[in-house]
Undergrad: 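Take a look at the following structure, please.
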Amino acid sequence: MAVPEWTLADFIHRESWWKNRGILLLNLCLVLPLLSAAVNGLDSSMLNGLQILPGWQNYFHTPEGRILGLINSAQGIGALTGIPFSPFCSDLIGRRATLAMGSAIMLAGVLTQSFATTVHVFIGARVLIGVGLAFSVNAAPLLISELSYPTQRGKMSSLFNTLWYFGSIVSAWICLGAYDRAGESEWSWRIPSLVQAVVPSLQMVLVWFIPESPRYLVAKGLESQAARILAKYHADSGDERDPLVVFEMAQIRHALKLEKEVASGTSYWTCFSTPGNRRRIFTIIGIAVFSQWSGNGLVSYYINIVLEGVGITSTRTKAAINGGLQIFNLASAITGAMLVDKLGRRKVFIISNVGMLIDFSMWTLTTALFNQSGNVAAAKATVPLIFIYYFFYDFAYTPMLVSYTLEILPYRIRARGFAIMNFVVYATVAFNQFVNPWALTTMGWKYYLVYCGWLALELLFVMVYIIETRGRTLEETAALFDGEKAPQDIMERGGEAATMTMGRQPSYPFPRPRPEKDVPDEYLELQEGSGVRNSSSRSRSHLESQSEESAVAFAP
């Protein structure tokens, strides 16, 4: 079957993105929601840093036992409380307003935490921060994926979760600097806590100066506003009848129409109401569980136990290894994020899982050799194996957990499906926090064998259930789980609308030249192998009716 005469590859900007004023402004705007991930990493790591400080320990009388457990789990409790409600806000009042609301709640929690006078107030503040994070971390990636320029969506949404490590690194240095300056005074922990207020304050004020999601606007019947945003930030001309704008708008409108026909509900039940949705959620739950149960939880939360298990007992050495690992994690995750479009999502996941399985097996072997025979060489080999393991983990699961989840979810269930993913992540984190230390103490290195078997199952899951999504628009990608006809129909609809629009504008160069060397590989491959029916197969009267339908939305 022939491919469409006109696809996304015909309308995208072909030069460097920074040479296009609209895309440059758009990417600068997207920095603001991207910071939500950094805030999450900053807050999650800040608590570990505060507990190291003598000033914090002295002020709260060295909390331990149940109180310490509540302090450590309070943010998670708040997040689990807010997650079920966050998608309703994202869909009802918009991505920007939900992000602003989450930032305001976080700011209240941070200020309460910074000036807490009792441990109970501190715990309450942690819960409040968790609630705010639930709303912020739901809305921000939705805004990024739905607003990004088509050819940059994969990289931008992959960068979101990657920036968690940036916040973690900043947290470590802030706590160290505060300790050097303030010593054991109470300001050694109050100042780092106050630093957490910077990003929520900026988001709460500046979010109103960045554009809203065009998908949200179309879903609310505000098509003219959506077209203006796409024309300003996606089309170099700023013209609402630019072929790229018409192409995207036609796909968005048609995708929403198809979603409504298939499932008109807007509850969590909608996520399971069709075979396509059930497969999406099953895939999302799978990668959410794998993101925390791949063995990474052993180092993320209990690196002290892991390193002592191979004979590394020096506090300074352990701190240096942990600090270096966080920087290495950030570099590895950015590498994966930059290659998701080049290699493809499926290949990135397979490389990650194969690498983790091989490396974790070697890690298990070196740990066993040291524990069984005191082999010093095996102990020394464990440290580089931990770094190699994290390279493969960060290569896929840090950037792709959020990105792939948002790509495969259609608009009507995107916010809810993403909330389900976040809920599963927090639930599996709770497992790591309570089960891993007990299992490591009881079973020792033999507990690693459990993860070796689990990693083999993960690889099988990835090979069976991960579908390749690169080189497609957000609407085309989301429809992939609904059979072959749905993404083909959406692709055709965009091409038809753009073709008829170009036919109505004599000033536009028609047909547009297609210099393949300037088109990203993933889009060329899609053109060559999509197997979509040629748009000329439709009747002329049908094309004209679609053109008239599209023109209504873009009329001045």
Side-chain angles (χ1 to χ4, degrees), residues 37 40 79-80 83-84 86-88 90-91 134 137-142 144-146 153-154 157-158 160-162 164 215 255 259 262-263 265-294 296 336-337 340 344-346 348-350 352-353 393 396-431 454 457-470 472 474-482 486-487:
N40 192 8
L80 288 173
I83 283 173
S86 60
F88 294 98
S90 291
D91 286 341
V137 173
N138 181 270
L142 293 175
I144 292 166
S145 66
E146 294 173 358
R153 188 193 72 247
S157 55
S158 296
F160 179 80
N161 214 37
T162 299
W164 190 97
R215 275 80 179 175
E259 291 171 26
V262 173
T266 57
S267 67
Y268 277 102
W269 172 246
T270 312
C271 296
F272 305 92
S273 62
T274 68
N277 284 353
R278 286 193 289 272
R279 186 175 181 185
R280 289 182 181 98
I281 297 301
F282 180 69
T283 303
I284 289 167
I285 290 175
I287 61 176
V289 170
F290 301 158
S291 73
Q292 301 301 320
W293 284 4
S294 295
N296 55 304
V340 292
R345 281 62 161 165
R346 179 178 166 82
V348 166
F349 272 115
I350 291 175
S352 173
N353 279 94
Y393 171 83
Y397 284 95
T398 298
M400 293 301 299
L401 174 62
V402 170
S403 177
Y404 194 76
T405 296
L406 295 177
E407 282 185 344
I408 66 176
L409 288 168
Y411 175 83
R412 293 180 68 83
I413 64 168
R414 187 168 293 139
R416 291 166 180 76
F418 188 61
I420 290 173
M421 185 276 287
N422 280 319
F423 189 91
V424 172
V425 167
Y426 274 100
T428 50
V429 166
F431 175 91
W454 183 255
L457 291 177
E458 284 186 20
L459 178 58
L460 180 62
F461 180 95
V462 165
M463 295 182 70
V464 173
Y465 288 100
I466 297 297
I467 295 176
E468 184 53 66
T469 61
R470 71 170 180 161
R472 297 177 181 270
L474 193 57
E475 282 65 40
E476 294 165 6
T477 298
L480 285 173
F481 286 77
D482 297 317

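Computation of the quantities below employed the complete heavy-atom set of this structure, encompassing side-chain atoms and omitting hydrogens, waters and symmetry-equivalent molecules. All residue numbers in this chain count up from 1 along the given sequence.
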Undergrad: Ring centres under 6.0 Å, that's the criterion: do F461 and F282 meet it?
TA: yes

Undergrad: Please report the interatomic distance CZ(F160) to CG(L142), rounded to the nearest 0.5 Å.
TA: 9.0 Å

Undergrad: In this structure, is the centre-to-centre distance between the rings of F418 and F423 below 6.0 Å?
TA: no

Undergrad: Distance-only, no hydrogens or angles: does the W454 side chain make a donor-acceptor pair with backbone N or O of S294 under 3.5 Å?
TA: no

Undergrad: In the structure I gave you, are the side-chain heavy atoms of V137 and S86 within less than 4.5 Å of one another anywhere?
TA: no

Undergrad: For the atom pair OG (S157) and CG (L401), what is the distance rounded to the nearest 0.5 Å?
TA: 11.5 Å

Undergrad: OG of S90 to CG of N138: how many Å apart, nearest 0.5 Å?
TA: 4.0 Å

Undergrad: In sequence, state the C-alpha distance, the side-chain angles, and the governing distance for V402 and M421, and then conclude on side-chain contact (heavy atoms from CB on, under 4.5 Å).
TA: CA-CA 9 Å; V402 170; M421 185 276 287; 4.2 Å; yes

Undergrad: For the backbone of L409 and the side chain of R414, can you confirm whether one donor and one acceptor N or O come within less than 3.5 Å of each other?
TA: yes

Undergrad: Less than 4.5 Å apart, side chain to side chain, heavy atoms only: is that true for S291 and Y393?
TA: yes

Undergrad: Counting distance only, does the side-chain N/O of N161 pair as donor-acceptor with the main-chain N or O of P399 below 3.5 Å?
TA: no

Undergrad: Taking the side chain as every heavy atom from C-beta outward, state whether Y268 and P87 have any pair of such atoms under 4.5 Å apart.
TA: yes

Undergrad: Do E468 side-chain atoms and R345 backbone N/O form a donor-acceptor pair below 3.5 Å?
TA: yes

Undergrad: With distance as the sole test, does R346 use its side chain to make a donor-acceptor pair with the main-chain N or O of M463 at under 3.5 Å?
TA: yes

Undergrad: Before you tell me yes or no, could you show the steps for D91 and R416 under salt bridge (Lys or Arg N to Asp or Glu O under 4.0 Å), namely the whole-Å CA-CA distance, both residues' side-chain angles and the distance that decides it to 0.1 Å?
TA: CA-CA 9 Å; D91 286 341; R416 291 166 180 76; 2.5 Å; yes

Undergrad: Classify the side-chain pair S145/E407 by whether it contains a donor and acceptor separated by less than 3.5 Å.
TA: no

Undergrad: Flag the pair P410 / R280 as yes when at least one side-chain heavy-atom distance between them is below 4.5 Å, and no otherwise.
TA: yes

Undergrad: Please evaluate residues N277 and F272 with respect to the criterion side-chain contact (heavy atoms from CB on, under 4.5 Å), reporting the C-alpha separation (whole Å), side-chain torsions for both, the decisive distance (0.1 Å), and the verdict.
TA: CA-CA 6 Å; N277 284 353; F272 305 92; over 6 Å; no

Undergrad: Using side chain to side chain contact (heavy atoms under 4.5 Å, CB included) as the criterion, point out the one residue from V462, T405, I466, V464 that pairs with T283.
TA: I466

